[in-house]
K.L.:
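One structure, as structure tokens, below. Some questions next.
Residues: numbered from 1 along the sequence shown. Model, not experiment: these values are computed from the prediction.
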Amino acid sequence: MYKRILLATDGSEASALALAHAIRLAKDQGATLRIASVVESTRMMLSLAGGYPVDLGPLVDSLREAATKMIDEAVAAARTDGVATETVLLDDQDAPQGVAGVLGKEALDSQADLMVLGTHGRSGVRHLLLGSIAESLVRLAPVPVLLVRAKAVAT
């Protein structure tokens with residue numbers, strides 16, 4: 001049923017659970033697992049620069065390095081289970097809707113049949129303040145989305 005599964009990872013506990021689920025699903029379906037991570041450079045530039053000119057290049061570079069390491073670890077886990085993988089490092093500057101928009105565009109570009117990502121399960125004030133990439137992605141996604149919830153979070 002699924003030939004290409006797009007997994008979004010951010011290194012969180014929820015992402016680790018989503019990775020494990022995506023690996024099992026890809027193995028069962030004989031699908032290729034495309035592992036993606038999005039560097040949120042736009043949000044960082046807006047929040048840190050505060051309207052003043054600041055060179056955030058080194059900080060963005062370190063975020064890219066961390067994201068690459070997360071992707072490499074996910075690839076190693078998938079390959080251990082014999083799952084074919086592809087990788088992509090994305091930047092939130094590439095779509096006007098932020099991370100969700102970038103992932104939705106990547107799903108189209110990579111011809112994914114399914115997207116898998118973890119959700120932190122925030123609610124109440126935490127959800128209001130931090131928002132939800134998963135919620136935005138479900139609204140924007142051009143393909144089905146499988147959300148894997150982390151352990152319950154107290155509100």
K.L.:
According to side chain to side chain donor-acceptor pair (under 3.5 Å), who are the partners of T85, at least two apart in sequence or on a separate chain?
P.N.:
R79

K.L.:
For the atom pair CD1 (I5) and CE (M115), what is the distance rounded to the nearest 0.5 Å?
P.N.:
12.0 Å

K.L.:
Considering the options T32, L114, D28, L33, which one meets the side-chain contact (heavy atoms from CB on, under 4.5 Å) requirement together with Y2?
P.N.:
L114

K.L.:
Please list, chain by chain and in numerical order, all residues satisfying side chain to side chain contact (heavy atoms under 4.5 Å, CB included) with T68, sequence neighbours excluded.
P.N.:
D72, L89

K.L.:
Quick check: closest heavy atoms across L147 and A134, and the distance to 0.1 Å?
P.N.:
CD2-CB, 3.7 Å

K.L.:
Near Q111 CD, under 6.0 Å, is it more than 12 heavy atoms from other residues, nucleotides or ligands?
P.N.:
no

K.L.:
Mind checking the CD1-CG spacing from I35 to L19? Nearest 0.5 Å is all I need.
P.N.:
6.0 Å

K.L.:
List the residues meeting side chain to side chain contact (heavy atoms under 4.5 Å, CB included) with S110, not counting sequence neighbours, and say none if there are none.
P.N.:
R4, R34, E106, A112

K.L.:
Who are the side chain to side chain contact (heavy atoms under 4.5 Å, CB included) partners of E73, not counting sequence neighbours?
P.N.:
K69

K.L.:
Roughly how far apart are R64 CZ and D91 CG, rounded to 0.5 Å?
P.N.:
5.0 Å

K.L.:
Grouping I, L, V, M, F, W and Y whenever their side-chain heavy atoms are under 4.5 Å apart, do V143 and V88 come out in a common cluster?
P.N.:
yes

K.L.:
Once you round to the nearest 0.5 Å, how far does CD of E135 lie from OG1 of T119?
P.N.:
9.0 Å

K.L.:
Looking only at heavy atoms, which two atoms of I23 and V83 are closest? And how far apart?
P.N.:
O-CG2, 3.8 Å

K.L.:
Of all the heavy-atom pairs spanning L17 and A150, show the shortest one and how long it is.
P.N.:
CD1-CA, 3.9 Å

K.L.:
Please identify each residue that fulfils salt bridge (Lys or Arg N to Asp or Glu O under 4.0 Å) with R24, with sequence neighbours left out.
P.N.:
none

K.L.:
If the test is side-chain contact (heavy atoms from CB on, under 4.5 Å), which one of T9, L63, V99 qualifies with S37?
P.N.:
T9

K.L.:
State, to 0.1 Å, how close V102 and D92 come at their nearest heavy-atom pair, and which atoms those are.
P.N.:
CG2-CA, 3.6 Å

K.L.:
Closest approach of A67 and V39, non-hydrogen atoms and distance?
P.N.:
CB-CG2, 4.2 Å

K.L.:
What distance do I133 atom CD1 and D10 atom CG have between them, rounded to the nearest 0.5 Å?
P.N.:
7.0 Å

K.L.:
If you take all heavy atoms of L25 and L146, which pair is closest and at what distance?
P.N.:
CD2-CD2, 4.4 Å

K.L.:
Can you name the residues that form a side chain to side chain donor-acceptor pair (under 3.5 Å) with Q29, not counting sequence neighbours?
P.N.:
none

